[in-house]
Amino acid sequence: MKTIGLLTSGGDAPGMNAAIRSVVRTSIYNNARIIGIKQGYNGLLNGEMEEMKLSSVADIIHRGGTMLLSARCDEFKTEEGLSKALNIISVFGIDGLVILGGDGTFRGAKNLHNGGVPVVCIPCTIDNDMGYTDYTIGFMTAVETAVDAIGKIRDTSTSHGRANIVEVMGRGCGDIALYSGIAGGAESIIVPEVDFDIDEVCKRVIQGKNRGKLHHIIALAEGVGNAYEVAEEIEEKTGTETRVTILGHIQRGGSPTVFDRIMASKMGNKAVELLLEGKSGRALGTKCNKIIDVDLDEALNTEREFDIELYNIGKILSI
Ligand code: F6P
């Protein structure tokens with residue numbers, strides 16, 4: 001393995017830059033050339049590449065986003081797109097790839113692996129929605145952002161005696177809502193993994209009011225449905241003014257937490273080591289605080305287990 005390619009694809013996640021830094025520096029330490037590919041699979045198809053030096057990744061460990069830029073690429077999902085990519089990889093003399101992203105990105109990586117290109121993937125998505133790993137890079141930073149917002153919204157919720165729904169990202173996964181809801185002291189947490197009963201939420205709003213609570217924060221995962229409809233129903237059934245804040249892409253940016261930087265540094269290093277050992281079709285992850293690597297098929301097919309115990313703790317703590 002003399003030349004390693006590196007790309008970030010799909011939704012960006014804080015910590016991607018720290019992982020890029022780790023991959024670049026570990027490659028150079030091991031006398032391998034490292035080629036940065038811009039804009040994910042898009043840039044691969046367009047041959048947008050440049051060799052990276054130690055200095056290319058200076059001053060990025062603390063920055064959100066991805067210096068390699070990212071994109072979602074439909075052409076790469078087609079057979080023609082894949083064969084074009086395989087051809088470009090061979091023309092540029094790339095011997096293996098480190099690929100950063102979420103499950104859609106991993107599916108693309110699997111196709112490259114099947115086409116004979118050694119690949120190792122690093123899970124980077126704020127959603128924390130990949131079942132084979134305890135953690136995906138970017139998640140804790142997104143949760144910190146959501147908790148910060150919940151704290152601010154609680155101030156105004158109290159001043160006005162309102163209920164406030166804070167909608168967070170996560171696609172079909174409720175982890176951002178669960179973690180930020182618990183850490184932010186939300187009164188209700190609504191996630192797609194657990195059927196929710198609007199009357200139960202309303203009961204909590206009324207009980208809180210009766211106990212003299214002025215605020216009521218509802219952490220709601222985007223995968224649940226329309227936050228405005230939920231707000232309307234709460235308002236109708238409880239008589240409590242209810243407002244909605246959709247946090248949106250603010251959760252995708254910002255300086256990565258220490259935990260994300262450390263995870264990214266470890267996984268970036270391990271990804272290069274695996275390629276240099278001749279491994280391919282592997283996905284990095286973490287289980288019980290240890291870095292693991294599993295087959296890409298396992299990574300793509302392991303169903304995510306929702307932490308129902310934590311959810312139940314949240315219910316008890318918010319009475
Ligand atoms: O997968 C990360 C994520 O931020 C999800 O939480 C969200 O549903 C989606 O991406 C938004 O995608 P886009 O940035 O393409 O609008």
Side-chain angles (χ1 to χ4, degrees), residues 7-20 38-43 63-77 99-110 121-150 165-181 183-184 189-193 219-228 230 244-257 260 263-264 267 283-285 299-300 302-304 306-307:
L7 65 84
T8 54
S9 167
D12 60 353
M16 274 182 162
N17 276 330
I20 290 170
K38 291 284 174 74
Q39 286 193 52
Y41 295 123
N42 248 337
R63 295 190 196 281
T66 159
M67 68 166 291
L68 289 176
L69 313 179
S70 194
R72 303 192 198 268
C73 179
D74 287 333
E75 188 188 352
F76 182 66
K77 293 178 190 153
I99 296 179
L100 279 58
D103 56 358
T105 301
F106 280 26
R107 266 187 281 279
K110 172 82 179 129
C121 294
I122 300 179
C124 294
T125 163
I126 63 164
D127 299 336
N128 206 31
D129 60 351
M130 304 181 87
Y132 76 97
T133 177
D134 288 345
Y135 191 75
T136 62
I137 292 165
F139 173 66
M140 274 308 170
T141 306
V143 170
E144 287 284 351
T145 302
V147 170
D148 180 59
I150 286 174
I165 296 180
V166 184
E167 184 192 288
V168 297
M169 278 185 167
R171 287 196 298 173
C173 179
D175 277 18
I176 300 180
L178 175 64
Y179 279 69
S180 63
I189 297 172
I190 307 180
V191 294
E193 292 89 343
L220 178 127
E222 65 176 354
V224 167
N226 190 316
Y228 290 97
V230 178
V244 174
T245 307
I246 296 177
L247 293 189
H249 287 84
I250 194 168
Q251 295 158 98
R252 288 249 295 268
S255 183
T257 58
D260 276 321
M263 281 294 157
M267 290 195 205
L284 287 167
L300 287 166
T302 308
E303 217 166 289
R304 173 118 190 110
F306 183 68
D307 191 346

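All ligand and atom numbering here is 1-based and tracks the order in the structure.
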Practice item. Report yes if some heavy atom in the side chain of C173 is under 4.5 Å from a heavy atom in the side chain of E193; otherwise report no. Key: yes
Review point. Considering only heavy atoms from C-beta outward, does the side chain of C124 approach that of T8 to under 4.5 Å?
Key: no
Check your understanding: Only one of L247, I246, T245 forms a side-chain contact (heavy atoms from CB on, under 4.5 Å) with E167, so which one is it?
Key -> I246
Can you tell me the protein heavy atom closest to [atom] and the distance?
| atom | value |
| --- | --- |
| atom 12 (O) of ligand 1 | R72 NH2, 3.1 Å |
| atom 8 (O) of ligand 1 | E222 OE2, 2.5 Å |
| atom 2 (C) of ligand 1 | D127 OD2, 3.3 Å |

Exercise for review: Quick one: sort the Y41 and F76 rings into parallel, tilted or perpendicular, breaks at 30° and 60°.
Suggested key: parallel
Point to revise | Structural part of R252 in contact with ligand 1, heavy atom criterion under 4.0 angstrom | key: side chain
Check your understanding: Below 4.0 Å from any atom of ligand 1, is there a heavy atom belonging to G102?
Key -> no
Practice item. Work out whether the distance between some heavy atom of H249 and some atom of ligand 1 is less than 4.0 Å. Key: yes
Review point. Would one find an N or O of M169, backbone or side chain, under 3.5 Å from an N or O of ligand 1?
Key: no
Review point. Which residues satisfy the salt bridge (Lys or Arg N to Asp or Glu O under 4.0 Å) test with R171, sequence neighbours excluded?
Key: D103, D127, D129
Exercise for review: With side chain to side chain donor-acceptor pair (under 3.5 Å) as the test, would you mind laying out the steps for D175 and Y135 before giving the verdict?
Suggested key: CA-CA 11 Å; D175 277 18; Y135 191 75; over 6 Å; no
